[in-house]
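Sequence positions, counted from 1, serve as the residue numbers for this chain. Quick caveat, the model's predicted, so the values are computed rather than measured.
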Amino acid sequence: MTDTIVALASGVGRAGIAVIRISGPGVRFGLETIAGGVPAARKASLRRLKVPESEEILDEALVLFFEAPGSFTGEDVAEFHVHGGRAIIAGVIDALVTLPGFRPAGRGEYTRRAVANGRMDLTAAEGIADLVEAETGSQRRQALRQAGGALERAAIAWRERLARMLALIEAEIDFPDEEDVPALFAEVRHRAGTLLAEIDAALAGARSGERLREGAVMVIAGPPNAGKSTLLNALARRDVAIVSPIAGTTRDTLEVHLDLHGYPVTLIDTAGLRETQDVVETIGVERARASLERADLVIWLEAEDARSERPVLSGPVLRVTTKRDEGGEPAPGFDLALSAKTGVGMSSLLSRLEQLARDALEGGESALVTRARHRRELESIAHHLSLVCSADEATPVEFVAEDLRLSVRAIGRLTGQVDIDELYDVIFREFCIGK
């Protein structure tokens, strides 16, 4: 990585302070040119930032220097804490990128360099990205665990155990005539079974982990003019959807993100379900039906006097009688009665939604698997380990060794570190030193 990258590390827009970060081999040169010298490592220093050629003063800023390899990226890194006006930010960045070897950073490039330089693994980097995107307390706690290396530590331990199994199999391949070799095969199958049970346990929590990261999906559905958009606005506490007495007003899906006591929920308003000859409304109805397919919960609304045909829904459904301004008991076959317009019954609905979100997402904070990518790699490991466990004396030992190697490579893909030389270093220590 010969380039030195430049980027605004704080939020876009006017602010009291903005942070501009640079990373790479030219950091010291950049500090000497723009800030008049390299400050002591990890100590804030007040400096005047100047345009290199004209000596025009850009700003007075706090400058920090982080020496490699003890920085976020593992390279020399500097930060300029400047006043947050747009002109100042643009002036400092422009002055930096005109220096030889400097360029604007690509999306996620600082984290990519941190992974490449061994400062963190890919799962921890994903955790940092999730931390930035976290909208609720439960998502924040999940992201902190991942950024802190929860899955990384488990993966390292699994990789070491796989390497030791592979060392035993390599011994059987290289020394087939030794008396204790048959016992090695049985030991490998036993170890593979124990590890497979752990991988399966991690996969068991995958759904809750992925759903917490993405948020539970709740779809408001029902016939036209049932009060769906009114309910969406009431739950969002703002006017998201157009509300009118004309049936078929909503012709597309509208999404709102909610925080229900720390649990993230995507609430989707849909077009009323009915047969129609209107081309645009037909598209809206089709999108509504597609939303029902991916819903964790369907909130089915009907006015008390409605006589609509309900679709067959496979997942959980909360049936709500709407437009009940006076409250009272729900109609037969319904779970709740409410009026989103007057607020009657809304507290009961919110309590039910919070409980349903908790039930759907509980366990997601402690789950090791938070992304589909994690799940795919662990499923690959589980598949190859199951083949090892089912091997018998007739199974060529080379097949067992290959399944173990493929398991190790899947862990390498999981963590972003596939290094066969490092793997064989572990095998050498296990076989030759006995560690």
Side-chain angles (χ1 to χ4, degrees), residues 1-122 124-135 140 143-144 147-148 416:
M1 300 178 188
T2 58
D3 292 338
T4 299
I5 53 176
V6 182
L8 179 66
S10 53
V12 176
R14 185 165 46 188
I17 298 293
V19 179
I20 298 168
R21 180 182 292 158
I22 59 177
S23 176
V27 164
R28 293 172 186 267
F29 169 71
L31 288 169
E32 291 167 353
T33 306
I34 300 292
V38 181
R42 299 180 177 274
K43 290 187 178 180
S45 177
L46 183 63
R47 300 293 178 97
R48 285 188 175 182
L49 308 184
K50 299 180 181 180
V51 178
E53 293 181 357
S54 66
E55 295 291 308
E56 176 189 357
I57 296 175
L58 294 165
D59 193 21
E60 280 196 337
L62 286 178
V63 178
L64 293 99
F65 172 62
F66 303 91
E67 191 173 15
S71 68
F72 175 75
T73 62
E75 305 172 323
D76 282 347
V77 171
E79 291 182 354
F80 302 90
H81 293 231
V82 302
H83 294 95
R86 290 189 178 94
I88 294 173
I89 295 170
V92 174
I93 291 178
D94 287 346
L96 286 166
V97 297
T98 57
L99 298 176
F102 282 65
R103 63 171 175 80
R107 182 178 175 85
E109 192 168 0
Y110 286 97
T111 304
R112 189 182 304 119
R113 291 191 176 198
V115 173
N117 292 325
R119 296 296 293 171
M120 67 177 69
D121 87 326
L122 188 54
E126 289 169 333
I128 291 175
D130 291 342
L131 197 56
V132 173
E133 298 293 331
E135 295 181 342
R140 170 179 54 80
L144 277 171

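- For the pair F65/S45, no side-chain contact is recorded, criterion being any heavy-atom separation below 4.5 Å from C-beta on.
- The side-chain heavy atoms of M120 and F72, taken from C-beta on, include a pair separated by under 4.5 Å.
- Heavy atoms only, all atoms of each residue included: I5 and A105 are closest at CB-CB, 3.8 Å.
- A 4.5 Å side-chain heavy-atom check between I93 and F80 finds every atom pair outside the cut-off.
- Smallest separation of non-hydrogen atoms from V82 and A61: CG1-CB, 3.7 Å.
- Counting heavy atoms from C-beta on, the side chains of L99 and I34 come closer than 4.5 Å.
- Contact between V115 and D121 at its shortest, heavy atoms only, is CG2-O, 4.0 Å.
- The side-chain hydrogen bond (donor to acceptor under 3.5 Å, both in side chains) search around R103 returns D3, E109, not counting sequence neighbours.
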Checking side chain to side chain contact (heavy atoms under 4.5 Å, CB included) for the pair L144/L131: CA distance, chi angles, key distance, verdict?
-> CA-CA 7 Å; L144 277 171; L131 197 56; 3.8 Å; yes
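- Here the side chain of T33 pairs no donor or acceptor atom with the backbone of G30 at under 3.5 angstrom.
- The structure places CG of D59 at 10.5 Å from CZ of R48, a figure rounded to the nearest 0.5 Å.
- D130 CG to R140 CZ: the interatomic distance, rounded to the nearest 0.5 Å, is 14.0 Å.
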Between V77 and Y110, is a side chain to side chain contact (heavy atoms under 4.5 Å, CB included) present by the stated rule, with each step listed?
-> CA-CA 10 Å; V77 171; Y110 286 97; 5.8 Å; no
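- By the neighbour-count criterion of 12 heavy atoms within 6.0 Å, atom CD of E133 is sparsely surrounded, having that number or fewer from other residues, nucleotides or ligands.
- Sorted by first then second residue, the salt bridge (Lys or Arg N to Asp or Glu O under 4.0 Å) pairs that include residues 86-96, not counting sequence neighbours, number zero.
- With R112 contributing its side chain and R107 its backbone, the two residues share a donor-acceptor pair below 3.5 Å.
- One finds the OG1 atom of T111 at 10.5 Å from the CG atom of L122 (value rounded to the nearest 0.5 Å).
- A donor-acceptor pair is defined here as one N or O able to donate and one able to accept, closer than 3.5 Å; such a pair exists between the side chain of S10 and the backbone of V19.
- H81 NE2: more than 12 foreign heavy atoms inside a 6.0 Å radius.
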Derivation and outcome, salt bridge (charged side-chain N to carboxylate O under 4.0 Å, His left out), residues R28 and E67 = CA-CA 9 Å; R28 293 172 186 267; E67 191 173 15; 3.0 Å; yes
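- Residues in residues 33-47 take part in no salt bridge (Lys or Arg N to Asp or Glu O under 4.0 Å) pair, two or more places apart or across chains.
- More than 12 heavy-atom neighbours from other residues, nucleotides or ligands sit within 6.0 angstrom of CD on E55.
- Between the side chain of R119 and the backbone N or O of S71 there is at least one donor-acceptor pair closer than 3.5 Å.
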Please report the C-alpha distance between T98 and E53 in whole Å, then the side-chain angles of each, then the deciding distance to 0.1 Å, and finally whether the side chain to side chain contact (heavy atoms under 4.5 Å, CB included) criterion is met.
-> CA-CA 11 Å; T98 57; E53 293 181 357; over 6 Å; no
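- With rounding to the nearest 0.5 angstrom, the CG atom of L96 is 10.0 Å from the OG1 atom of T4.
- Side-chain atoms of I88 and L49, non-hydrogen and from C-beta on, never get closer than 4.5 Å to each other.
- Judged purely by atom type and a 3.5 angstrom limit, D76 has no side-chain atom pairing as donor or acceptor with the backbone of P25.
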